[in-house]
Amino acid sequence: MDAAIGKLIRERRDAIPLTRNELGELLGLSAQVYGRYERGFSKMTATRMVHLAELLDFHPIELLGEIAPHFFGENEEDAEKKLQLCVGIFDLPPETAAAFLHIVDHGMKSGKGRALS
């Protein structure tokens, strides 16, 4: 899992683009210490992961989808669809999110699964 986390943050850092040194400075770390995270040699705290998500412009749930796709679906295609849905929900206006929650909660109560409220 640490290697998958490292791969994701490296890809996101390269896309911005920032050097290891620049990102390390933003995190209050040396490039060497930050590099250990990218190579999967060091474990990150949850707070550091959230800080990285903010700096590299991704949602922490994307990280979970990368390292544990089985939480999102039984196969890669289903997991990817559900992850995209999860990430998309964060961009919904509040009234749309409330309507969507009502629909999902109603479906869960009348079908299989657990109700959300």
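Everything numeric in this text was worked out from a predicted model, so none of it was measured. Position 1 is the first residue of the sequence, and the numbers go up from there.
Annotation: the span from E62 atom CD to Q84 atom CD amounts to 10.0 Å, rounded to 0.5 Å. Atom-to-atom distance recorded for L63:CG and I67:CD1 is 5.0 Å, nearest 0.5 angstrom. Between the CE atom of M44 and the CG atom of L27 there is a distance of 9.0 Å, given to the nearest 0.5 Å. Atoms CD1 and CG, from I61 and L85 in turn, are 9.5 Å apart once rounded to the nearest 0.5 Å. Distance check: L29 CG to N21 CG gives 11.0 Å after rounding to the nearest 0.5 Å.
Put simply, M1 and I9 are part of the same group of oily side chains (I, L, V, M, F, W, Y) that touch within less than 4.5 Å, one to the next. Cluster annotation: V33 and F41 are assigned to distinct hydrophobic clusters (Ile/Leu/Val/Met/Phe/Trp/Tyr, side-chain heavy-atom contacts under 4.5 Å, transitive). In this structure, F72 is not a member of the same hydrophobic cluster as F100, with clusters built from ILVMFWY side-chain heavy atoms closer than 4.5 Å. Taken together through direct or relayed side-chain contacts under 4.5 Å among Ile, Leu, Val, Met, Phe, Trp and Tyr, F71 and L83 form part of one hydrophobic cluster.
By the neighbour-count criterion of 12 heavy atoms within 6.0 Å, atom CG of N75 is densely surrounded, having more than that number from other residues, nucleotides or ligands. Heavy-atom contacts from other residues, nucleotides or ligands closer than 6.0 Å to CD of E95 number more than 12.
A donor-acceptor pair under 3.5 Å is formed between the side chain of R13 and the backbone N or O of L18.
Taking the side chain to side chain donor-acceptor pair (under 3.5 Å) definition, one finds that E74 meets it with nothing, sequence neighbours left out.
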Chi angles and distances behind the side-chain contact (heavy atoms from CB on, under 4.5 Å) call for R10, R39: CA-CA 9 Å; R10 168 73 189 268; R39 292 188 307 274; over 6 Å; no
List the steps and the verdict of side-chain contact (heavy atoms from CB on, under 4.5 Å) for E66 and E11. CA-CA 12 Å; E66 184 72 27; E11 290 170 354; 5.7 Å; no
Stepwise salt bridge (charged side-chain N to carboxylate O under 4.0 Å, His left out) check, D2 with K43: CA-CA 7 Å; D2 295 322; K43 295 186 182 305; 2.7 Å; yes
Y34 and L26: side-chain contact (heavy atoms from CB on, under 4.5 Å), yes or no, with the steps? CA-CA 10 Å; Y34 171 74; L26 291 171; over 6 Å; no
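Taking 4.5 Å as the limit, every side-chain heavy atom of L56 sits out of range of all side-chain heavy atoms of L8. Side-chain atoms of Y37 and L52, non-hydrogen and from C-beta on, never get closer than 4.5 Å to each other. Using a 4.5 Å heavy-atom threshold, the side chains of E22 and I16 count as separate.
Note on residues 48-68: pairs passing ring-ring contact (aromatic ring centres under 6.0 Å, His included), not counting sequence neighbours, are H59-F90.
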